[in-house]
Amino acid sequence: MMAEKSSRSITTILIGLILWFLYICDSEMARYGIYTIFSYNVHEILSGIPYLCFLFTGGWLLVLITRSVHGKNIKSNLLLLVLLFVFCVAQFIYIHNQSQKVYTDCIASIKNIDTQKLEIEIDTGERTITLDCPMLLIDILKTDGTEYVILYEWSKSKPNYGKLSMVSFVK
């Protein structure tokens with residue numbers, strides 16, 4: 001009975017980790033508009049994984065705490081309780097950090113390009129923002145005053161730093 005419970009718990013955790021892996025892969029590809037592996041519809045479905053996993057993990061933790069207290073077998077479930085608690089905290093932190101992300105587009109010129117750090121500085125007219133830039137784009141961009149339409153992601157806690165998502169020339 002105990003071995004069956006352990007194998008079910010391990011299987012459930014592995015399924016959750018696989019779902020998180022799929023979500024993170026999809027999220028990274030979607031940042032650049034790559035929908036060849038996962039279609040946009042699948043991307044929309046996968047975007048709910050963090051919330052579902054958090055709710056499932058939190059519910060599982062509460063049920064396990066309740067059963068452990070009533071059955072007076074906290075010691076036998078301690079490892080799983082700690083693991084579920086750590087997963088809950090990590091998922092909450094991830095969801096909170098995601099809620100702090102903002103996507104902004106602007107017309108800007110490139111002020112500086114740092115090929116070592118793979119960063120660019122853009123001048124929006126109002127302020128200068130440092131952006132992580134994908135290696136594929138770093139050699140295409142110019143600091144000659146050319147204006148670009150730039151879409152980037154930034155965190156509310158770091159408004160002058162972000163990640164370049166898309167760029168196109170202003171016509």
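Just so it is clear, the structure is predicted and the values come from calculations on it, not from any experiment.
At least one donor-acceptor pair closer than 3.5 Å links the side chain of Gln91 to the backbone N or O of Phe54. Ser27 places no side-chain N or O within donor-acceptor distance of the main-chain N or O of Ile24, the cut-off being under 3.5 Å.
We find the NZ-NE2 distance between Lys72 and His70 to be 9.5 Å, quoted to the nearest 0.5 Å.
The local environment of OH in Tyr103 is crowded, with over 12 non-hydrogen atoms from other residues, nucleotides or ligands closer than 6.0 Å. More than 12 heavy-atom neighbours from other residues, nucleotides or ligands sit within 6.0 angstrom of CD on Glu28.
Aromatic ring centroids of Tyr94 and Trp20 lie under 6.0 Å apart.
Following chains of ILVMFWY side-chain contacts shorter than 4.5 Å, one can reach Leu64 starting from Val89, so the two form part of one hydrophobic cluster. Note on Phe56: it clusters hydrophobically with Phe85, by side-chain heavy-atom contacts below 4.5 Å among ILVMFWY residues. Follow the hydrophobic side-chain contacts under 4.5 Å out from Phe21 and you never reach Leu14; the two are in separate clusters.
Taking every heavy atom of both residues into account, Lys142 and Ile110 meet most closely at O-CB, 3.3 Å. Summarising the geometry of Met135 relative to Leu118, their closest heavy-atom pair is CA-CD2, 4.2 Å, with the distance given to 0.1 Å.
With Ile129 as reference, Ile122 is the one residue of Thr104, Ile122, Ile120 to meet the side-chain contact (heavy atoms from CB on, under 4.5 Å) rule. Residue Ile150 is tested with Leu141, Leu131, Ile107 for a side-chain contact (heavy atoms from CB on, under 4.5 Å); the sole match is Leu131.
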- [ ] Kindly indicate, with the supporting measurements, whether the criterion side chain to side chain contact (heavy atoms under 4.5 Å, CB included) is fulfilled by Tyr40 and Glu44.
- [x] CA-CA 6 Å; Tyr40 187 77; Glu44 288 295 316; 2.7 Å; yes
TODO: Kindly determine whether Ile74 and Val69 satisfy side chain to side chain contact (heavy atoms under 4.5 Å, CB included), including the steps that lead there.
DONE: CA-CA 6 Å; Ile74 291 177; Val69 169; 4.1 Å; yes
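For the residue pair Asn41/Ser39, the side-chain donor-acceptor check at 3.5 Å is not satisfied.
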